[in-house]
K.L.:
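Please see the structure below; I have some questions.
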Amino acid sequence: MSAVASVVTRFAPSPTGFLHIGGARTALFSYLYARRHGGRYLLRIEDTDRERSTDEAVRAIFDGLDWLGLVSDVEPVFQTQRFDRYREVIEGMLEAGTAYHCYCTKEELDQMRAAQMARKEKPRYDGRWRPEPGKVLPERPEGVQPVVRFKNPLSGEVLVDDMIKGPISFQNEELDDLIIARGDGTPTYNFCVVVDDMDMDITHVVRGDDHVNNTPRQINILKALGAEPPAYAHVPMILGADGVKLSKRHGAVGVIEYRALGFLPEALLNYLVRLGWSHGDQELFSRQEMVELFDISRVQKAPARFDMEKAVWVNHQYLKSADPVHVAPEFDWHLRRVGVDPAHGPALAAVIEAQRERCKTLVEMTEKSKFFYAELEGYNEKDAAKHLTAEGGAVLDALRERLEVLPQWTAPALHEAVNGFAEGRGLGLGKVAQPIRVAVAGMAISPPIDQTLFLLGRERTLARLAAAVSYCRGPGAQP
RNA sequence: GCUCCUAUCGUCUAGAGGCCUAGGACGGAGCCCUCUCAAGGCUUAAACCCGGGUUCGAAUCCCGGUAGGAGCGCCA
């Protein structure tokens, strides 16, 4: 094998909720970086907080990742299954003197913090239990389960050469001795991350930039463990349209919600990859192109706002160019979601092809295509008032007779019939097509009329025309 | 408060000292096309946070301000 260490990245969510849109982008960047360099992309579930972690959240995260196609190259790692390993490392550090017991109570620490804040200092542990040569430690209090703290270097600096942000330096004096094991012996986040990244041979850590301040601490622990720190890439977060941190009140923040909103997974990925990253003027990238062109050093340093309008535009581009057969299962999912069974009616791919230029999302497509598969729930009021008039009824009646005897139910034949009919009556096509639309689709919006009727089929078309004719004659008719 | 980070049209971005009269995309406005809705075509408005340097020359480099963000837990 080559002596050059191959790239290994990881995405490490904590299962306290669904997969966030920002998390999805981090996962995508992590995945792309690995693929771009022929490396591996791994998944790690950071569930050490048993209070807040749930199986449901784990499932939600897997669902989101599955939908986006960002699945781990190997079996995901769960931190809760590695407690023995963490304990072992902590024991080792205690023995080596790179960690020590601290008997401060939570109350004591709270007081310490409060006093420091009052003095306008950065709150931090004062090192009262930190062993030093010649130093006399306080007397061990009764009944206090000690925590384990990492013995952070007191001086010098830690330089993080971030792949996105560039060099960032931290003074060790600013860092305090963080807790790596709680009173009950369970390890804490910053410690688990370090041990896992080390054990998993992670070469490149791609994560949200809310972690930059954790990085020097992690590097120090890694060094204390004799491990080579990985390279870091801190990706800025995604903001809501108002420039404020994305939250529920901005609408959809969970990846899976975008499925319900009618997005195609590859479209969402495309939008996400362009959010904070670019390759010249190119807007659309296939998965293959993303992998080939993605350059993490070109990721923007500043946070970006999520723009639903543009995301929808990207989705529309995908809807328009994707293979309809590939889109069909998602479309099926949406139709069933609103209680429409697409089994009886035109092929989904054919409807997708007919509708896609007028539908930016699958939700929109579903709304505008239900009439192909389900009975009309009534006419759109405005459209009916405008087109299903007495006059419109007469047109529909005559047309229905003509279509009834049409020998071949094909789009060209229908085109011929409808156009010929309009011409014969000296009417503009609009005068004929619009009433037909409302009659068969329930609204004045549909694909070109010949395609619409062809897809709908002879039986349904004739029945709906007949129903519309009687509607026009009924009490709802206009004079 | 302290530490760290950031700053180009409304939004996403191009821009590596002269190619910038600052380009593209979304969104906006207008026109064309049209059986509806769209799609498409064309046109158009719209930005270098501020102030100092460095330089013949700065959106680009440096410093300072301002504004925004993140972190400062026995949370992750």
Side-chain angles (χ1 to χ4, degrees), chain A residues 12-16 46-49 51-53 79 102 104-106 109-110 113 116-124 145-149 160 162 165-166 168-171 173-176 178-184 186-190 192-193 208-216 234 236-237 239 241 243-245 271 274-284 300-314 316 320 355-360 364 368 383 387 418-419 422 427-434 436-438 441 443-450 452:
Chain A
S14 58
T16 53
E46 311 217 315
D47 53 354
T48 53
D49 184 357
E51 301 278 298
R52 298 198 300 154
S53 302
Q79 290 188 326
C102 166
C104 287
T105 59
K106 287 181 188 179
L109 293 171
D110 286 344
R113 265 191 288 272
Q116 285 160 335
M117 292 286 255
R119 271 179 271 135
K120 302 193 186 224
E121 285 169 15
K122 180 175 173 175
R124 40 128 79 98
Q145 282 295 311
V147 299
V148 178
R149 285 186 185 270
V160 181
D162 195 278
K165 307 230 176 215
I168 308 172
S169 72
F170 297 87
Q171 295 303 313
E173 293 135 43
E174 296 295 334
L175 274 23
D176 64 359
L178 81 163
I179 293 170
I180 59 176
R182 305 181 178 95
D184 65 3
T186 58
T188 59
Y189 169 77
N190 275 108
C192 297
V193 167
D209 74 355
D210 47 335
H211 288 290
V212 296
N213 290 296
N214 287 330
T215 309
H234 287 100
M237 49 187 232
L239 271 23
V244 176
K245 189 173 179 171
Y271 176 71
R274 272 290 284 107
L275 196 58
W277 175 78
S278 64
H279 180 261
D281 289 339
Q282 190 170 346
E283 296 288 348
L284 270 12
Q300 215 73 19
K301 295 184 176 93
R305 301 184 191 205
F306 191 94
D307 181 8
M308 189 57 91
E309 303 261 24
K310 184 150 185 185
V312 164
W313 175 81
V314 172
H316 194 195
K320 282 195 298 176
Q355 292 284 41
R356 59 185 179 177
E357 69 183 35
R358 78 202 81 251
C359 302
K360 293 180 197 289
E364 205 180 331
K368 288 177 178 166
D383 293 341
H387 302 292
V418 175
N419 283 52
L427 292 170
L429 196 49
K431 284 282 182 201
V432 178
Q434 288 304 78
I436 302 177
R437 276 201 172 83
V438 181
M443 57 188 161
I445 300 172
S446 90
I449 209 69
D450 50 350
T452 302

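Letters A, B, ... are given to chains in the order of the sequence lines, protein chains preceding strands, and every chain is numbered from 1. Not measured: the values here are computed from a predicted model.
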K.L.:
For K301(A) and C5(B), what is the distance between atoms NZ and P respectively, to the nearest whole Å?
P.N.:
11 Å
K.L.:
Which residues pass the side-chain contact (heavy atoms from CB on, under 4.5 Å) test with R305(A), sequence neighbours left out?
P.N.:
L239(A)
K.L.:
Using the C1' atom on both, measure U34(B) against G41(B) and round to a whole Å.
P.N.:
13 Å
K.L.:
For R52(A) and C74(B), what is the distance between atoms CZ and P respectively, to the nearest whole Å?
P.N.:
14 Å
K.L.:
For Q282(A) and A14(B), is the shortest distance between a side-chain N/O and OP1 or OP2 below 4.0 Å?
P.N.:
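No.
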K.L.:
Could you work out, with side-chain contact (heavy atoms from CB on, under 4.5 Å) as the rule, every residue matching T452(A), not counting sequence neighbours?
P.N.:
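Once residues adjacent in sequence are excluded, the partners of T452(A) under the side-chain contact (heavy atoms from CB on, under 4.5 Å) criterion are F371(A), F372(A), V440(A), S446(A), P447(A).
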K.L.:
Expressed in angstrom and rounded to an integer, what is the separation of E174(A) atom CD from C5(B) atom P?
P.N.:
12 Å
K.L.:
Give the nucleotide from the list A39(B), U6(B), U13(B) with an atom nearest to the side chain of K320(A).
P.N.:
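Nearest listed nucleotide: A39(B).
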K.L.:
Taking pairing as Watson-Crick or G-U wobble with both contacts under 3.5 Å, can you name the mate of A25(B), or confirm there isn't one?
P.N.:
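Check on A25(B): paired to U11(B), both distances under 3.5 Å.
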K.L.:
Does K122(A) have any salt bridge (charged side-chain N to carboxylate O under 4.0 Å, His left out) partners at least two apart in sequence or in another chain, and if so, which?
P.N.:
E174(A)
K.L.:
Quick one: list whatever passes side-chain contact (heavy atoms from CB on, under 4.5 Å) with V312(A), sequence neighbours left out.
P.N.:
F263(A), M308(A), K360(A), T361(A)
K.L.:
Rounded to the nearest angstrom, tell me the gap between atom CG in L275(A) and atom C1' in U13(B).
P.N.:
10 Å
K.L.:
Give G276(A) one of three labels, base, sugar-phosphate or nothing, depending on what nucleic acid heavy atoms sit under 4.0 Å from its own.
P.N.:
sugar-phosphate
K.L.:
If the condition is salt bridge (charged side-chain N to carboxylate O under 4.0 Å, His left out), which residues does R356(A) pass it with, not counting sequence neighbours?
P.N.:
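For R356(A) there are no salt bridge (charged side-chain N to carboxylate O under 4.0 Å, His left out) partners, ignoring immediate neighbours.
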K.L.:
Scan nucleotides 66-72 of chain B against the protein and return all N/O pairs shorter than 3.5 Å with their distances rounded to 0.1 Å.
P.N.:
{"unit_1": "G71(B)", "atom_1": "O4'", "unit_2": "N213(A)", "atom_2": "ND2", "d": "3.4"}
{"unit_1": "C72(B)", "atom_1": "O2'", "unit_2": "P123(A)", "atom_2": "O", "d": "2.8"}

K.L.:
Can you identify which nucleotide, out of A76(B), U6(B), U11(B), has its nearest atom closest to the D49(A) side chain?
P.N.:
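Selected nucleotide (nearest to the side chain): A76(B).
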K.L.:
I want to check one thing: is the phosphate of G73(B), taken as OP1 and OP2, less than 4.0 Å away from some side-chain N or O of T188(A)?
P.N.:
no
K.L.:
Which residues pass the ring-ring contact (aromatic ring centres under 6.0 Å, His included) test with H211(A), not counting sequence neighbours?
P.N.:
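Counting only residues at least two positions away or on another chain, H211(A) forms a ring-ring contact (aromatic ring centres under 6.0 Å, His included) with Y189(A).
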K.L.:
Mind checking C192(A) for me? I need base, sugar-phosphate or nothing, with any heavy atom below 4.0 Å counting as a touch.
P.N.:
nothing
K.L.:
Send over the distance from Q355(A) CD to A38(B) C1', rounded to a whole Å.
P.N.:
10 Å
K.L.:
Going by atom types alone, do R113(A) and Q116(A) pair a side-chain donor with an acceptor below 3.5 Å?
P.N.:
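No, no side-chain donor-acceptor contact under 3.5 Å.
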K.L.:
Evaluate side-chain contact (heavy atoms from CB on, under 4.5 Å) for Q355(A) paired with K368(A), printing each intermediate quantity in order.
P.N.:
CA-CA 8 Å; Q355(A) 292 284 41; K368(A) 288 177 178 166; 3.8 Å; yes
K.L.:
For S53(A), which contact category applies under a 4.0 Å heavy-atom criterion: base, sugar-phosphate, or nothing?
P.N.:
nothing
K.L.:
With the side chain of Q300(A) defined as its heavy atoms from C-beta on, choose the nearest nucleotide among C12(B), A76(B), A14(B).
P.N.:
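Per side-chain heavy atoms of Q300(A), the pick is A14(B).
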K.L.:
Would you give the length of the straight line joining atom CG of D162(A) to atom CG of D209(A), rounded to the nearest 0.5 angstrom?
P.N.:
9.0 Å
K.L.:
Could you run through nucleotides 23-37 of chain B and give me one letter per nucleotide, 5' to 3': B if any protein heavy atom sits under 4.0 Å from the base, S if only the sugar-phosphate is that close, - if neither?
P.N.:
BBBSS-------BBB
K.L.:
Base, sugar-phosphate or nothing for E51(A)? Non-hydrogen atoms, less than 4.0 Å.
P.N.:
nothing
K.L.:
By the 4.0 Å heavy-atom rule, please label K165(A) as base, sugar-phosphate, or nothing.
P.N.:
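K165(A): backbone/sugar contact only, no base atoms under 4.0 Å.
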K.L.:
Tell me, please, which residues at least two apart from P216(A) pass side-chain contact (heavy atoms from CB on, under 4.5 Å).
P.N.:
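Counting only residues at least two positions away or on another chain, P216(A) forms a side-chain contact (heavy atoms from CB on, under 4.5 Å) with V158(A), F170(A), L175(A).
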K.L.:
Applying a 4.0 Å non-hydrogen cut-off, can you work out what N190(A) is touching in the nucleic acid: base, sugar-phosphate, or nothing?
P.N.:
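Base, at least one base atom sits under 4.0 Å.
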K.L.:
So what does Y271(A) touch, heavy atoms closer than 4.0 Å: a base, only the sugar-phosphate, or nothing?
P.N.:
nothing
